[in-house]
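I have placed the structure first, in the form of structure tokens, so that the comments after it can refer back to it.
Fair warning: this is a prediction, and the values are worked out from it, not measured in the lab. Just so we're on the same page: letters track the sequence lines, and every chain starts at 1.
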Amino acid sequence: MSSLEQMYQQVIMDHARAAHGRGLVQVDLPAHGESHQVNTTCGDEVTLRVGLEGDTIASLSWEGQGCSISQASISVLAELLDGESLETADETYEAFRALMQAKGEPLDDDREDMLGDATAFVGVGKYPARIKCALLGWVALKDALIQARGASSSATEGDKA
Amino acid sequence: MSSLEQMYQQVIMDHARAAHGRGLVQVDLPAHGESHQVNTTCGDEVTLRVGLEGDTIASLSWEGQGCSISQASISVLAELLDGESLETADETYEAFRALMQAKGEPLDDDREDMLGDATAFVGVGKYPARIKCALLGWVALKDALIQARGASSSATEGDKA
Amino acid sequence: MLADVRDDFPLLARTVRNGRPLVYLDSGATAQRPRAVLEAEADFLTRSNGAVARGAHLLAEEATEAFEGARADVARLVGAPVEEIVWTSGATAAINLVANGIQNATLGAGGAEADRFRIGPGDRIVVTELEHHANLIPWQQLAARTGAELAWIPVDDAGVLDLSTLAEIVSPSTKVVAFTHASNVTGVITDVAAIVARAREVGALTVLDACQSVPHIPVSFPELGVDFAAFSGHKMLGPTGVGALWGRKELLDALPPSIFGGGAIAVVTMERTTWLEAPTRFEPGTQPVSQAVGMGAAARYLMSLGMENVAAHEARIAQIMREGAASLDGVRLLGPVGGPAAGDVLGLAAVAVEGVHAHDVGQVLDDRGIAARVGHHCAQPLHRRLGLTGSTRASAHVYTTEADAHAFVEALASVRSFFGVTA
Amino acid sequence: MLADVRDDFPLLARTVRNGRPLVYLDSGATAQRPRAVLEAEADFLTRSNGAVARGAHLLAEEATEAFEGARADVARLVGAPVEEIVWTSGATAAINLVANGIQNATLGAGGAEADRFRIGPGDRIVVTELEHHANLIPWQQLAARTGAELAWIPVDDAGVLDLSTLAEIVSPSTKVVAFTHASNVTGVITDVAAIVARAREVGALTVLDACQSVPHIPVSFPELGVDFAAFSGHKMLGPTGVGALWGRKELLDALPPSIFGGGAIAVVTMERTTWLEAPTRFEPGTQPVSQAVGMGAAARYLMSLGMENVAAHEARIAQIMREGAASLDGVRLLGPVGGPAAGDVLGLAAVAVEGVHAHDVGQVLDDRGIAARVGHHCAQPLHRRLGLTGSTRASAHVYTTEADAHAFVEALASVRSFFGVTA
Ligand SMILES: Cc1ncc(COP(=O)(O)O)c(C=O)c1O
Ligand SMILES: Cc1ncc(COP(=O)(O)O)c(C=O)c1O
């Protein structure tokens with residue numbers, strides 16, 4: 001398998017073509033967040049929206065255009081984390097970042113298991129310029145979750161007041 | 001003779017120590033001009049004033065501080081050109097500039113004759129950074145003469161009006 | 001005809017991914033340097049490096065001579081008197097020097113001589129829709145801060161400047177017209193004469209972005225009739241960190257500086273400063289000395305090849321790349337297709353591949369050892385106008401071979417099938 | 001102790017006038033470069049040169065890595081987080097970046113976040129009387145254009161900062177205090193802590209000119225407690241054409257840019273631009289890439305020598321030159337004579353020779369192969385205050401030997417008799 005084929009594995013191509021979670025969904029939950037991120041190298045943009053029910057991501061949707069790496073990565077993210085706990089989201093985020101820093105080497109089994117389809121992005125780690133593409137959606141997720149948590153804590157504070 | 005001694009010939013040292021024309025003289029002639037020049041490498045300044053009677057430099061005086069090269073050069077200039085015709089001044093100016101560009105080589109006999117004591121500055125031509133010093137007064141002279149000529153022609157125009 | 005100069009460029013001998021030979025098609029972003037440039041800088045640094053125009057010692061003299069000699073070489077390349085060349089850190093800095101000078105004039109700097117630069121509400125600044133951000137944002141921000149209005153010459157659906165409404169857009173209230181000599185996306189060379197003629201009618205200053213022209217075609221700023229022009233060292237085979245602003249002397253002498261420091265001044269007190277004449281007034285602080293020496297060597301190198309030959313060579317490369325790209329299914333060539341005659345377009349081709357993002361296109365090229373540029377090439381408004389967020393650009397220079405151009409077209413032909421996109 | 005490093009510097013092997021060995025004592029103006037720096041740049045240029053942060057191809061990746069790696073090296077030298085280092089074309093540009101950013105904030109740029117930078121009538125900007133023009137004129141001109149008042153900390157008769165009225169001068173209305181870390185004329189190192197303490201009391205921003213400190217003594221900007229600091233590559237054994245601004249991240253993120261172009265932006269439309277975070281927002285256009293790589297190599301070289309060792313070495317050179325000069329009849333040493341302990345003064349000595357102009361002094365030195373600097377060293381107000389138009393300055397670096405220092409003193413001893421001036 002050439003580096004190029006290792007980068008564009010079939011699972012990535014499939015996700016890029018039929019992406020999960022695409023199309024922003026209205027969120028009426030009080031704990032919600034939205035993040036808009038731009039990849040400054042190419043101008044690609046993504047808007048990602050989350051809604052929390054307690055510690056669970058009850059809604060995760062996004063909108064945006066981009067390269068197959070960025071689109072597939074967001075799709076995988078949406079498939080993996082919609083309905084999961086915040087803890088799982090944080091851990092998966094860290095594992096994915098680690099995969100990006102691994103210069104094309106696989107991670108340990110535990111993290112590979114956690115990443116599921118996302119392990120297919122292992123080849124991207126060899127191309128520093130593309131890591132940004134693969135991370136675009138993850139950065140948006142991180143940011144949206146921070147906002148949602150803030151909203152939820154201020155909602156809680158509001159309750160107290 | 002070392003290059004240093006060739007640069008600082010006795011005649012230069014003498015002029016630097018007892019300079020001609022130093023001390024600005026009041027000029028009541030209608031055709032007069034004054035120029036202030038700064039050597040930006042070292043901050044040295046000179047103010048040179050001329051007054052014309054017809055085509056003759058009837059008054060030439062200056063004020064300023066500077067290195068021995070600049071002071072001696074202005075002194076020589078004052079000695080050479082005070083009382084001379086504008087034509088001589090222009091020719092001498094050109095000859096002196098040529099000497100500065102000659103990289104330490106002497107000029108032809110005609111111009112050497114015209115320059116008199118000023119030929120002693122031949123050594124300066126080897127030191128591009130010092131050419132500015134030697135020219136400081138000459139640039140001021142040129143500028144002051146342009147102004148004096150302008151004043152004289154506008155005085156003439158004024159006469160006509 | 002241009003001689004084969006590849007051997008002059010040490011970097012081109014390297015191999016890339018999987019030991020493939022390098023096909024360098026990103027010269028529009030930054031060019032490679034010939035040995036003549038590398039050695040000029042190295043010789044200077046190991047022999048004559050010293051403070052310029054500030055010392056009386058031998059090294060300072062030699063350094064000053066090399067620095068000013070380089071200015072003369074660069075001046076010769078663009079047909080200008082030497083005292084009209086201002087060293088800057090690059091084209092971006094050069095354009096900002098003009099825009100910020102106008103801002104400072106507007107704030108009162110420069111006395112009566114700077115009157116002609118002052119702008120404000122009711123005045124207009126004109127740019128074009130295809131400008132590189134370096135020749136758009138300075139004017140946009142100047143307009144925002146002075147209250148002047150920003151207007152622009154639009155492009156047509158192919159991304160080519162549409163001059164049909166020039167007389168309206170460059171209205172009598174226009175004070176500045178800033179435009180590029182050649183688009184870094186479409187490669188089309190601007191009809192400078194038309195814009196200059198209209199700008200003169202209304203008394204507007206013209207500022208030319210010559211980043212993409214000076215390195216590739218014969219250029220004489222005085223003949224073009226513009227007032228200011230900016231270009232960079234690194235795109236003309238010279239170093240990064242250096243560029244130049246050309247301007248008419250009387251304008252340069254009147255424009256207030258906007259960067260202040262040592263060396264550019266006549267007299268400084270705690271309260272006041274008086275500036276020297278141009279170009280020195282715009283060269284405060286330690287200048288990019290060895291870089292200027294390198295840029296001078298680059299100018300000499302280009303002149304020794306002959307800019308006519310350079311232009312002809314690159315026109316041939318353009319033809320292969322543009323015709324090749326335009327003939328492929330699902331590949332859209334930005335700019336005119338087949339239209340312009342040789343010499344009217346730079347040696348570059350930017351393309352959009354239907355169904356495949358520019359980044360993915362670039363990755364396929366990279367895998368074949370082809371270095372091209374992907375993205376908006378600092379021309380977001382133009383891409384937006386063309387309905388794109390980015391494109392893939394191959395750009396040539398003197399060392400680009402026909403084989404490089406063919407390799408680009410062949411790689412491009414393989415992209416859509418690799419990604420399983422077929423019409 | 002510092003190892004003998006002369007062999008690392010190819011230029012030092014050259015001879016000058018009449019085949020004399022070079023005694024280079026002009027490092028305060030510009031330093032020579034070690035092979036490590038020359039080779040880092042050459043290797044980069046013949047191997048990895050490409051557009052930084054803009055391409056997906058291998059060269060672009062390698063270039064980006066080298067460029068950002070250099071930033072990390074420079075950050076380490078000054079004890080700063082890497083994202084707080086902004087590349088500039090030099091210290092002059094770095095200081096102007098802050099001053100012009102404040103001007104643009106005052107003109108309304110930067111929104112609410114930039115409020116803290118706005119100044120105007122009733123506000124005060126404080127500098128010192130011994131500043132290099134690069135850290136005086138930008139503030140003087142900013143004051144002139146915003147209506148703020150310029151005040152300064154005076155020097156005493158020896159040319160040393162007089163902090164006795166600090167609390168008055170840095171008044172409650174003070175918004176900016178800009179001062180040098182070390183005088184390029186007297187060599188005295190400023191009591192930064194005292195000035196920072198007072199500036200904090202009144203809530204003023206501090207801007208440190210670290211041009212002469214970073215290359216010669218251990219420096220940590222966060223520890224010094226200033227807000228911004230500027231330094232140059234070429235004085236720290238690196239290339240010209242590159243320098244850096246350090247600033248606290250939250251300040252850098254809020255300061256509006258004043259130079260605009262590609263690469264520094266998030267989204268550009270014809271009407272509006274949004275900027276990226278620092279440092280990128282201040283790095284528009286093609287950066288001095290190979291120069292940054294060279295400056296990174298210079299930082300590594302200095303760190304490998306150990307800045308403590310560098311400082312100790314230069315203190316020893318200072319002692320020889322300063323004591324030697326002060327002991328000569330008719331020679332006036334600028335700055336404190338004998339006063340400061342080793343480490344409190346840089347490795348330099350500026351002198352005025354009674355009855356002999358600095359240019360003439362320099363000429364005698366030059367004839368002996370000694371490269372020193374003559375003039376006002378871009379500090380006209382300080383010289384004026386000392387009753388001088390210029391002085392002759394010898395300045396050292398890591399490669400300066402005790403023999404060089406002695407040669408300076410000996411040559412100086414011969415000056416007055418050569419010109420027939422005797423007391
Ligand atoms: C104290 C000081 N500040 C600022 C500068 C200006 O630095 P640069 O010329 O590298 O911009 C210098 C050097 O000349 C200096 O010595
Ligand atoms: C048309 C055009 N203008 C301006 C620039 C900016 O030049 P630099 O990055 O050298 O400042 C470029 C290069 O990127 C360009 O292609």
Side-chain angles (χ1 to χ4, degrees), chain C residues 10-11 14 16-17 26 29-30 32-33 38 45-47 49-51 54-59 89-90 92-93 96 107 132-134 137-138 140-141 145 152 232 234 240-242 259-262 265 268-270 273 284-286 288-291 359 362-363 366 371 373-375 378 380-381, chain D residues 10-11 14 16-17 26 29-30 32-33 38 45-47 49-51 54-59 89-90 92-93 96 107 132-134 137-138 140-141 145 152 232 234 240-242 259-262 265 268-270 273 284-286 288-291 359 362-363 366 371 373-375 378 380-381:
Chain C
L11 184 138
R14 77 164 277 179
V16 284
R17 311 266 186 224
D26 199 15
T30 200
Q32 299 302 337
R33 307 187 199 172
L38 297 170
L45 288 172
T46 54
R47 193 166 164 76
N49 186 41
R54 304 225 180 141
H57 59 78
L58 180 66
L59 289 184
S89 64
T92 298
N96 279 274
L107 292 175
H132 187 281
H133 295 164
I137 312 180
Q140 179 193 79
Q141 297 299 309
R145 269 198 298 286
W152 52 90
S232 281
H234 70 102
T240 50
V242 68
I259 308 273
F260 309 105
I265 54 88
V268 179
T269 63
M270 292 307 288
T273 298
T286 302
V289 184
S290 69
Q291 291 78 22
H359 252 166
Q363 202 72 44
D366 178 56
R373 173 131 178 231
V374 297
C378 297
Q380 281 189 357
Chain D
L11 184 138
R14 78 163 276 178
V16 286
R17 310 266 187 226
D26 200 13
T30 200
Q32 299 303 336
R33 307 187 198 171
L38 297 170
L45 288 172
T46 54
R47 192 164 166 77
N49 185 40
R54 303 224 181 144
H57 59 76
L58 181 66
L59 289 184
S89 65
T92 298
N96 279 273
L107 291 175
H132 187 281
H133 295 163
I137 312 180
Q140 178 193 81
Q141 297 300 310
R145 269 199 297 287
W152 52 90
S232 280
H234 70 102
T240 51
V242 68
I259 309 273
F260 309 105
I265 54 86
V268 179
T269 64
M270 293 306 289
T273 298
T286 302
V289 184
S290 69
Q291 292 78 21
H359 253 166
Q363 203 71 46
D366 178 57
R373 173 130 180 231
V374 298
C378 297
Q380 281 189 357

If I take atom CZ from residue Arg145(D) and atom CG from residue Leu107(C), how far apart are they, to the nearest 0.5 angstrom? 6.5 Å
Any donor-acceptor pair under 3.5 Å linking the side chain of Asn49(C) with the backbone of Gln32(D)? no
Output the option from Val268(D), Ile137(D), Thr30(D) having the highest count of non-hydrogen pairs under 4.5 Å with chain C. Val268(D)
Report the C-alpha distance between Gln380(C) and Ile265(D) in whole Å, list the side-chain angles of each, state the deciding distance to 0.1 Å, and finish with yes or no for side chain to side chain contact (heavy atoms under 4.5 Å, CB included). CA-CA 10 Å; Gln380(C) 281 189 357; Ile265(D) 54 86; 4.0 Å; yes
Looking at Gly90(C), Ala134(C), Ser232(C), which has the largest count of heavy-atom pairs under 4.5 Å with chain D? Ala134(C)
Given the options Leu45(D), Val16(D), Leu38(D), which has more heavy-atom pairs under 4.5 Å with chain C than any of the others? Leu45(D)
Part of Leu58(C) lying under 4.5 Å from any heavy atom of chain D: both
Nearest heavy atoms of Asp26(D) and Arg373(D), plus distance in Å: OD1-CB, 3.2 Å
At what distance, to the nearest 0.5 angstrom, does CD of Gln140(D) lie from OG1 of Thr269(C)? 6.0 Å
Between Gly362(D), Ala93(D), Pro288(D), which residue shows the highest count of heavy-atom pairs closer than 4.5 Å to chain C? Pro288(D)
If you count heavy-atom pairs within less than 4.5 Å of chain D, which of Asp366(C), Thr92(C), Asn96(C) leads? Asn96(C)
Looking at Pro381(D) and His133(D), what are the two nearest heavy atoms and their distance? CD-NE2, 3.8 Å
Contact part of Arg14(C) toward chain D, heavy-atom cut-off under 4.5 Å: side chain, backbone, both or neither? side chain
Interface check, chain C: of Ser89(D), Pro138(D), Ala29(D), Pro10(D), most non-hydrogen pairs under 4.5 Å belong to Pro138(D)
